[in-house]
Amino acid sequence: MDGLEDVCRVRVKFSEIDSMRRVWHGAYVTYFEDGRESFGRHYPGIGYADMQRSGIYAPIYDLHLRFYAPLVLDDVAVVHTRYVYHPGARLDFEYKVYREADGILCAEGSTVQLFIDTEGMLMVDPPDYYKEWQARYRERNDNHP
């Protein structure tokens with residue numbers, strides 16, 4: 001993956017396992033969230049703490065997820081989270097989840113988050129903290145026009 005990317009590792013917990021002894025499909029959404037949190041720490045300015053301080057949030061609007069290989073208890077999931085530039089008041093990320101032991105791609109997906117203001121209304125223009133973040137990091141992103 002090119003552009004702004006973060007990599008984090010997550011050990012599969014018992015609570016994430018389904019009756020087939022594999023990671024339940026919904027747990028991958030949590031792995032994506034872990035990836036976004038790690039990304040926000042790696043590239044400060046658009047993390048959840050930044051959103052909380054501003055009072056302007058970015059809930060998930062769209063989520064896509066495709067599965068290729070299972071993860072099981074005690075596997076380590078290596079989550080690659082990549083920022084994808086799009087103009088407007090939105091945050092786009094792509095994810096790849098690998099099994100650390102053998103490097104197999106287990107899942108991949110994407111999310112789109114839209115900004116809402118302090119009243120919960122959809123924003124048309126990006127919030128200031130996001131504009132500042134883009135000014136700092138966007139020139140390092142290979143995916144901008």
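Heavy atoms only: backbone and side chains are in, while hydrogens, waters and symmetry mates are out. The first residue of the sequence shown is numbered 1, and numbering continues consecutively from there. Since the structure is predicted, the reported quantities are computational estimates derived from the model, not experimental observations.
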Apply side chain to side chain contact (heavy atoms under 4.5 Å, CB included) to I60 and V29, showing your working. CA-CA 11 Å; I60 297 291; V29 176; over 6 Å; no

Per the side chain to side chain donor-acceptor pair (under 3.5 Å) rule, which among R82, H42, H80 passes with E5?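 Exactly one candidate clears the test, H80.
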
L63 reachable from V97 in the ILVMFWY side-chain graph, under 4.5 Å edges: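 V97 and L63: one cluster.
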
Quick check on the hydrophobic clustering: are Y137 and Y129 connected, directly or via other members, by side-chain heavy-atom contacts under 4.5 Å?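 Same cluster: Y137 reaches Y129 through Ile, Leu, Val, Met, Phe, Trp or Tyr contacts under 4.5 Å.
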
I'd like to know if the side chain of E108 pairs up with that of Y68 as donor and acceptor (distance under 3.5 Å, no hydrogens or angles considered).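 A donor-acceptor contact under 3.5 Å links the two side chains.
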
Atom [atom1] in [X], atom [atom2] in [Y]: separation rounded to 0.5 Å?
X: L122; Y: F115; atom1: CG; atom2: CZ; answer: 11.0 Å
X: M123; Y: T118; atom1: CE; atom2: OG1; answer: 9.0 Å
X: I56; Y: M121; atom1: CD1; atom2: CE; answer: 13.5 Å
X: I46; Y: Y83; atom1: CD1; atom2: OH; answer: 7.0 Å
X: L4; Y: T81; atom1: CG; atom2: OG1; answer: 12.0 Å
X: F93; Y: T111; atom1: CZ; atom2: OG1; answer: 6.5 Å

So I17 and V23, side chain to side chain contact (heavy atoms under 4.5 Å, CB included) or not? Walk me through it. CA-CA 4 Å; I17 302 301; V23 170; 4.2 Å; yes

Partner set under side chain to side chain contact (heavy atoms under 4.5 Å, CB included) for E37, not counting sequence neighbours: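 Only E33, R41, Y48 meet the side chain to side chain contact (heavy atoms under 4.5 Å, CB included) criterion with E37.
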
Give the table of side-chain donor-acceptor pairs shorter than 3.5 Å for residues 7-16, with sequence neighbours excluded, one pair per line with atom names and distance.
from : atom 1 : to   : atom 2 : distance (Å)
R9   : NE     : E100 : OE2    : 2.7
R11  : NH1    : D74  : O      : 2.8
K13  : NZ     : E16  : OE2    : 2.8
E16  : OE1    : K13  : N      : 2.9
E16  : OE1    : Y31  : OH     : 2.7

Nearest atoms (heavy-atom pairs only) where V79 meets G35: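 Minimum heavy-atom separation between V79 and G35: CG1-CA, 4.1 Å.
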
Do you know the tightest heavy-atom contact between I104 and A69?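 The pair with the smallest heavy-atom distance is CG2-CB, 3.7 Å.
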
Does Q113 form a side chain to side chain contact (heavy atoms under 4.5 Å, CB included) with Y57? I'd like the steps, not just the answer. CA-CA 9 Å; Q113 296 170 261; Y57 296 93; over 6 Å; no

Heavy atoms from other residues, nucleotides or ligands near CZ of F67 exceed 12 (cutoff 6.0 Å):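 Count over threshold, so yes.
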
Could you check, using the six-membered ring where one of them is a Trp, whether F32 and Y28 have ring centers closer than 6.0 angstrom?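 Not under 6.0 Å, so no.
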
